[in-house]
Amino acid sequence: MTSEPARSWDENKTQSLLSRRGLLMGPQVWGAAQAPPGKAYSLAGGLPDVPTLPGALLEEAIAETLREEPKAAMEYGGLYGAPTLREAVAAREGAKDGLTLGAENVLVTSGSAQAIHNVCDLFLDPGDVVLVENPHFPGTLRTIRAFGADMVGVPLDEEGVRVDDLESAIAGLRSEGRQPKFLYCMSNFQNPTGATMSLPRRKAIVDVCAREGVLIVEDDAYGDIWTTPQPPPPSLAAIAGLSGAVRIGTFSKSLATGLRVGFAIAEKDLIDRLASCRFDMGTSPFLSRPIARLVTSGSLDRHLEQVRPIYAEKLDRLVNSLHTHAEAYATWHKPAGGFFLWLALRPGLDAVKAARAAAEQGVMIGAGPAFFADGAYTNHLRLAFSSIPTDEIDEAVKRLAAALGDLAAGSAK
Ligand SMILES: Cc1ncc(COP(=O)(O)O)c(C=O)c1O
């Protein structure tokens with residue numbers, strides 16, 4: 001008879017061994033909002049439309065890869081990533097941005113989340129300070145926080161980061177003897193506000209950052225998903241000629257989040273430095289090589305041409321529905337692409353209470369302190385219209401409006 005070994009380990013022992021970062025992050029794991037029991041309508045996550053996920057394209061590309069380059073696909077691929085994907089990204093992103101890029105300007109990463117982590121690893125020490133758009137993507141705010149860095153939020157308007165506020169944030173820090181390491185921002189279809197920077201705004205931000213010695217970290221997760229006839233203007237990184245800028249992209253929103261493949265684009269020296277701060281043995285060649293095939297064959301762009309009208313239709317449906325059901329409670333600016341609409345609740349309606357009331361009606365929505373560098377929040381809700389089925393949008397908005405109505409009447413719990 002075997003006896004169970006005595007358990008001598010407990011949470012207190014784990015706690016006593018934790019690193020500063022482990023202590024800082026605490027026991028809670030960051031993840032997707034939990035749906036309430038019963039039928040739920042999710043306007044919560046930045047996920048692509050499920051029926052259009054390109055499973056067949058991926059299947060074919062993976063089969064081709066295994067047939068034609070099995071060794072390269074199944075061996076380690078190095079810290080910079082699969083050469084075929086580095087070349088493919090350089091060609092496609094360079095053409096989009098009017099830049100001449102080579103493979104040496106591209107680092108393949110495990111999602112854009114890893115690229116952002118990699119940038120933080122390279123540049124941040126505890127006590128450093130970073131400028132971030134306020135509000136912003138909670139995942140990155142969490143990453144920056146994990147490095148023990150302070151964040152100073154810069155407000156946005158419909159054209160993105162406000163230049164006067166950027167300048168005064170830098171001046172304020174200088175007066176305390178502090179130099180911000182970088183500005184983390186999204187020029188296209190910002191998460192969560194949906195704002196897209198105008199070309200003059202882009203140029204002004206590049207000028208300020210160059211003059212003030214602040215690196216630009218441009219997260220372009222949604223840049224391929226425009227819902228207007230024209231794509232957005234060139235990236236900040238392109239306007240800067242890659243000087244003092246890193247642009248971060250992903251295949252999560254254009255192909256599938258489950259791939260976990262993204263990239264960083266920068267001058268060669270910076271790419272080398274980023275690679276030197278990687279400890280994961282590189283991003284999967286098994287997945288990167290099929291993606292390279294989809295990029296070079298034009299399949300990715302054809303796929304995007306098919307899905308953009310679907311997102312545009314969902315956005316139209318959302319906006320029409322808001323006009324019909326929610327005009328009494330909120331205002332909004334229709335974004336020119338991406339996955340999100342930022343809803344400003346009328347004064348007196350609290351965003352966190354509204355999200356809670358909506359959840360009770362079976363509608364999941366993003367709101368609250370997680371989007372804000374300082375943990376405060378405004379009266380805004382983030383409505384993600386990308387993954388909800390088009391024919392459910394009306395019902396979701398009706399329920400949201402009912403929740404807002406209850407809240408306005410003071411009857412919501
Ligand atoms: C703005 C932004 N950046 C980065 C990410 C991370 O994406 P991934 O790591 O899947 O590329 C997300 C995901 O939602 C996002 O919204």
- request: Check the pair R201 / D157 against salt bridge (Lys or Arg N to Asp or Glu O under 4.0 Å), numbers first and verdict last.
  value: CA-CA 11 Å; R201 185 68 65 92; D157 60 23; 3.0 Å; yes
- prompt: Is there a donor-acceptor pair closer than 3.5 Å between any side-chain N or O of N134 and the backbone N or O of A373?
  reply: yes
Side chains of residues 211-221: which donor-acceptor pairs under 3.5 Å do they make with residues two or more places apart or in other chains?
residue, atom, partner, partner atom, Å
R211, NH2, E167, OE2, 2.8
E212, OE1, R174, NH1, 2.7
E212, OE1, R174, NH2, 3.4
E218, OE1, L236, N, 3.1
E218, OE1, A237, N, 2.9
E218, OE2, S187, OG, 2.4
E218, OE2, L236, N, 2.9
D219, OD1, A221, N, 3.2
D219, OD2, Y184, OH, 2.5
D220, OD1, N188, ND2, 2.9
D220, OD1, G223, N, 3.3
D220, OD2, N188, ND2, 3.4
D220, OD2, R247, NE, 3.2
D220, OD2, R247, NH2, 3.0

field: Contacts of S112 that satisfy side chain to side chain donor-acceptor pair (under 3.5 Å) - sequence neighbours left out
entry: none
- prompt: Minimum heavy-atom separation for P347 to N379, with atom names?
  reply: N-ND2, 4.3 Å
- prompt: Ion pair present between K268 and D272, side-chain N to carboxylate O less than 4.0 angstrom?
  reply: yes
query: Considering residues at least two apart in sequence or located in another chain, which fulfil the side chain to side chain donor-acceptor pair (under 3.5 Å) criterion with D165?
result: R162
- prompt: So, for I271 and L107, which heavy atoms are closest and what is the spacing to 0.1 Å?
  reply: CD1-N, 3.8 Å
message: Keeping T257 on the side-chain end and K253 on the backbone end, is there a donor-acceptor pair under 3.5 Å?
response: no
- prompt: Just by modelled atom types, is the T296 backbone N or O under 3.5 Å from a matching donor or acceptor in the R92 side chain?
  reply: no
Polar side chain donor-acceptor pair, E133 to H136, under 3.5 angstrom: yes
field: E158: salt bridge (Lys or Arg N to Asp or Glu O under 4.0 Å) partners, not counting sequence neighbours
entry: none
- line: Residues at least two apart in sequence or cross-chain that pass side chain to side chain donor-acceptor pair (under 3.5 Å) with D97, listed by chain then number, are S235
- prompt: Going by atom types only, do E87 and T84 share a side-chain donor-acceptor pair under 3.5 Å?
  reply: no
task: State whether E305 and R302 are salt-bridged, where the test is any N-O pair (Lys NZ or Arg NE/NH1/NH2 against Asp/Glu carboxylate O) under 4.0 Å.
output: no
Let me have the donor-acceptor pairs involving side chains of residues 385-393, under 3.5 Å, with sequence neighbours excluded, atom names and distances please.
residue, atom, partner, partner atom, Å
S386, OG, L47, O, 2.7
E392, OE1, K39, NZ, 3.4
E392, OE2, K39, NZ, 2.9

field: Ion pair D121/R278, N-O distance below 4.0 Å
entry: no
Identify all side-chain donor-acceptor contacts of residues 329-343 below 3.5 Å with residues at least two apart in sequence or on another chain.
residue, atom, partner, partner atom, Å
K334, NZ, D316, OD1, 2.5

- prompt: Can you list the residues that meet the side chain to side chain donor-acceptor pair (under 3.5 Å) rule with E395, with sequence neighbours excluded?
  reply: R399
- request: Answer with yes or no whether the side chains of R308 and T227 bring together a donor and an acceptor at under 3.5 Å.
  value: no
query: With no hydrogens and no angle check, is any side-chain donor or acceptor of N105 less than 3.5 Å from a backbone partner on G102?
result: yes
field: Qualifying salt bridge (charged side-chain N to carboxylate O under 4.0 Å, His left out) pairs with a residue from residues 139-156, counting only residues at least two apart or across chains
entry: D150-R178
Pairwise distance CG(L131) to CG(L173) - rounded to 0.5 angstrom: 6.0 Å
- line: In terms of heavy-atom contacts, V363 and A396 come closest through CG2-O, 3.6 Å
query: Judged by atom type as modelled, is there a donor-acceptor pair below 3.5 Å linking the side chain of R86 to the main-chain atoms of V106?
result: yes
message: Between F147 and H117 (judged by ring centroids, cut-off 6.0 Å), do the two rings come close enough to count as a pair?
response: yes
task: Identify, with sequence neighbours excluded, every residue that meets salt bridge (Lys or Arg N to Asp or Glu O under 4.0 Å) alongside E60.
output: none
- prompt: Taking only residues two or more places apart in sequence or in another chain, which ones pass salt bridge (Lys or Arg N to Asp or Glu O under 4.0 Å) with D350?
  reply: none
- request: Could you tell me which residues satisfy salt bridge (Lys or Arg N to Asp or Glu O under 4.0 Å) with E75, sequence neighbours excluded, listed by chain and number?
  value: K71
